[in-house]
Amino acid sequence: MKAVFLDRGTFSEGIELPAPSGVSDYMTYESTPADSKVIIERCQEADIIITNKVKINAEVISRLPKLKLIQLTATGMNNVDKEACDAHNVTLYNVAGYAVKSVPEHTFMLMVMALRAGIHYHEKVVNGSWATSNRFSLMDVPLVDLEGKTLGIIGVGTIGKRVSEIARVFGMTVLWAEHQGRTPRSDDYTAFDDVLAMSDVISLHAPLTDDTKHLINKETLAKMHKQPLLVNVARGGIVDSQALADAVNSEQILGYATDVFEHEPISNDDPLLSLKGHPRVIFSPHNAWGSKSAQITLWHILTQQVADFING
């Protein structure tokens, strides 16, 4: 079978990504533009498409008669038209469970860097501000501890639960948010609005769906009575960027630490960029998932899935 990998460049250099067993013709591209014509041209003879974030729409799927499998190198599947896959008998696979160490650790990197104003103080050291301050210790922005704080988690899957475990080791109280508007399913969960009101830090781990689109908006931000830090390692679209920027700028919330954005790479007119100088704001370029070990694990899972598909 022929497989085409459309965006190998989404993996780090030096990570070996051998062809799955059963693939006899393997073509890779570092990147592929969001152009249906180009995608169709590259995949015309392909039985299998491998991709991370290239958008595969209905037109593309309908014009690839040999296509049997779209294998994503990610968990989210928003970039592929699932209905078109069903209509043309194309199987769609994602990969899950590969970043259960990488994403939680990245979550706490963002959280601690924001609470301790890490970027702010780094700049103070390297730009000479500390040297000219005549102070042995510079603390113009308060340092905030994790211990004793309440962490609200929205999205209690495998990663959310791992974040909970780490938070408790730090001495944090953890609240699991029930879905918005629903009665808590058990004593393990807390009503959504109560989590917003009671949390010192809120961490997002939910998928992007119709229900979670702009879940964090002007109305829900107003319910965050303790002026929490918001951490987002889920999907950028869960947050209304303008409402979030307004909330940080007005000190309605403490800050924002995020790995994800509504448009990626981030667009020049994204309201979040107005926060770039804020001491409790930290951005990373959607790489929370990508520790070296996570990338290797992902490819092992993917190659096994593709081989199983080929073998029926």
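Every value quoted in this text rests on a predicted model; they were computed, and no experiment measured them.
There is no side-chain donor-acceptor pair under 3.5 Å between S291 and E105. One side chain, S129 or N127, offers a donor N or O that lies under 3.5 Å from an acceptor on the other. N217 and T220 form a side-chain donor-acceptor contact under 3.5 Å, judged by distance and modelled atom types alone.
What you find for W299 and E16 is that their closest heavy atoms are CD1-O, 4.3 Å. Across all non-hydrogen atoms, the minimal contact from C85 to I70 is SG-CD1, 3.9 Å. When every heavy atom of V54 is checked against every heavy atom of I39, the shortest pair comes out as CG1-CD1, 3.6 Å. Pairing each heavy atom of R42 with each of P33, the nearest pair is NH1-CD, 4.3 Å. When all heavy atoms of Y98 and V95 are compared, the closest pair comes out as CE2-O, 3.2 Å. The shortest non-hydrogen separation linking V4 to A46 is CG2-CB, 3.8 Å.
Linking Ile, Leu, Val, Met, Phe, Trp and Tyr residues whenever their side-chain heavy atoms come within less than 4.5 Å places L273 and V281 in a single cluster. Y26 and L6 fall into different hydrophobic clusters, where Ile, Leu, Val, Met, Phe, Trp and Tyr are joined by side-chain heavy atoms under 4.5 Å apart, directly or via other members. When hydrophobic clusters are built by joining Ile, Leu, Val, Met, Phe, Trp and Tyr residues whose side-chain heavy atoms come closer than 4.5 Å, directly or via intermediates, V38 is not grouped with I61. Put simply, M224 and L146 are part of two different groups of oily side chains (I, L, V, M, F, W, Y) that touch within less than 4.5 Å, one to the next. In the hydrophobic clustering of this structure, V100 does not group with V103; members are Ile, Leu, Val, Met, Phe, Trp, Tyr whose side-chain heavy atoms approach within less than 4.5 Å, directly or through other members.
Considering OG1 of T190 and CD1 of I153, their distance stands at 11.0 Å, rounded to 0.5 Å. Atom CG in D240 sits 7.5 Å away from atom CD in E262 (nearest 0.5 Å). Within the model, atoms OG1 of T28 and CZ of R8 stand 7.5 Å from one another, a figure rounded to the nearest 0.5 Å. Taken from CE in M77 to CD1 in I56, the straight-line distance is 14.0 Å, to the nearest 0.5 Å. Distance check: T258 OG1 to L272 CG gives 7.5 Å after rounding to the nearest 0.5 Å. A distance of 11.0 Å separates CG in L229 from OG in S199, rounded to the nearest 0.5 Å.
Formation of a donor-acceptor pair under 3.5 Å by the T10 side chain with backbone atoms of N52 is not found in this model. Judged by distance alone, with hydrogens and angles left aside, the side-chain atoms of Q227 form a donor-acceptor pair with the main-chain N or O of E251 at under 3.5 Å. Between the side chain of D81 and the backbone N or O of N57 there is no donor-acceptor pair closer than 3.5 Å. Between the side chain of R235 and the backbone N or O of P207 there is no donor-acceptor pair closer than 3.5 Å. Without hydrogens or angle criteria, N232 side chain to A234 main chain gives a donor-acceptor distance under 3.5 Å. Not a single donor-acceptor pair under 3.5 Å links the side chain of W130 to the backbone N or O of Y121. Checking side-chain atoms of S24 against main-chain N and O of M1 turns up a donor-acceptor pair under 3.5 Å. No donor-acceptor pair closer than 3.5 Å links the side chain of H106 to the backbone N or O of S102. Side-chain N or O atoms of N94 include none that pairs as donor or acceptor with a backbone N or O of G76 at under 3.5 Å.
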side-chain contact (heavy atoms from CB on, under 4.5 Å) assessment of R280 paired with V144
CA-CA 11 Å; R280 299 204 192 278; V144 181; 4.0 Å; yes

What do the steps show when you test Q180 against L215 for side-chain contact (heavy atoms from CB on, under 4.5 Å), and what is the final call?
CA-CA 9 Å; Q180 188 179 31; L215 179 67; 3.2 Å; yes

Would S267 and D269 count as a side-chain hydrogen bond (donor to acceptor under 3.5 Å, both in side chains) here? Give the steps.
CA-CA 5 Å; S267 57; D269 60 352; 2.9 Å; yes

Determine whether V60 and I40 satisfy the following criterion, side-chain contact (heavy atoms from CB on, under 4.5 Å), listing intermediate values before the conclusion.
CA-CA 6 Å; V60 170; I40 292 166; 4.1 Å; yes

Show your reasoning for whether side-chain contact (heavy atoms from CB on, under 4.5 Å) applies to Q295 and L17.
CA-CA 9 Å; Q295 292 183 61; L17 306 175; over 6 Å; no

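Classified by interplanar angle (parallel below 30°, tilted 30° to 60°, perpendicular above 60°), the ring pair F283/Y256 is perpendicular. In this structure, F11 and F5 have perpendicular ring planes: the angle between them is above 60°, well past the 30° mark.
Between F192 and I154 the shortest side-chain heavy-atom distance falls below 4.5 Å. Residues S284 and L110 form a side-chain contact, since some pair of their non-hydrogen atoms from C-beta on lies under 4.5 Å apart. Put simply, the side chain of V163 reaches to within 4.5 Å of the side chain of F108, judged on heavy atoms. By the 4.5 Å heavy-atom criterion applied to side chains, D270 and H263 are not counted as neighbours. Counting only heavy atoms from C-beta outward, the side chains of K68 and F309 approach each other to under 4.5 Å. In this structure, T150 and D200 have side chains that are in contact, with non-hydrogen atoms separated by less than 4.5 Å. At least one side-chain heavy atom of P65 sits under 4.5 Å from a side-chain heavy atom of Q44. Using a 4.5 Å heavy-atom cutoff, the side chains of V231 and L204 are not in contact.
Heavy atoms of other residues, nucleotides or ligands lying less than 6.0 angstrom from CE of M109 number more than 12. Residue K213 places its NZ atom among more than 12 non-hydrogen atoms of other residues, nucleotides or ligands, all under 6.0 Å distant. Counting non-hydrogen atoms of neighbouring residues, nucleotides and ligands closer than 6.0 angstrom, the CG atom of N89 reaches no more than 12 such neighbours. The environment of NZ in K82 is crowded: more than 12 heavy-atom neighbours from other residues, nucleotides or ligands sit within 6.0 Å. Counting non-hydrogen atoms of other residues, nucleotides and ligands closer than 6.0 Å to NZ of K226 gives a total above 12. The environment of CD in E165 is crowded: more than 12 heavy-atom neighbours from other residues, nucleotides or ligands sit within 6.0 Å.
Paired with L69 under the rule side-chain contact (heavy atoms from CB on, under 4.5 Å), one option of L92, I310, T91 passes, and it is T91. The residue from T158, V233, V156 that alone fulfils the side-chain contact (heavy atoms from CB on, under 4.5 Å) condition with H205 is V233.
Stacking of R185 on the aromatic ring of Y189 is recorded, both the 6.0 Å distance cut-off and the 45° axial limit being met.
Using a 4.0 Å cut-off between charged nitrogen and carboxylate oxygen, R63 and E59 count as a salt-bridge pair.
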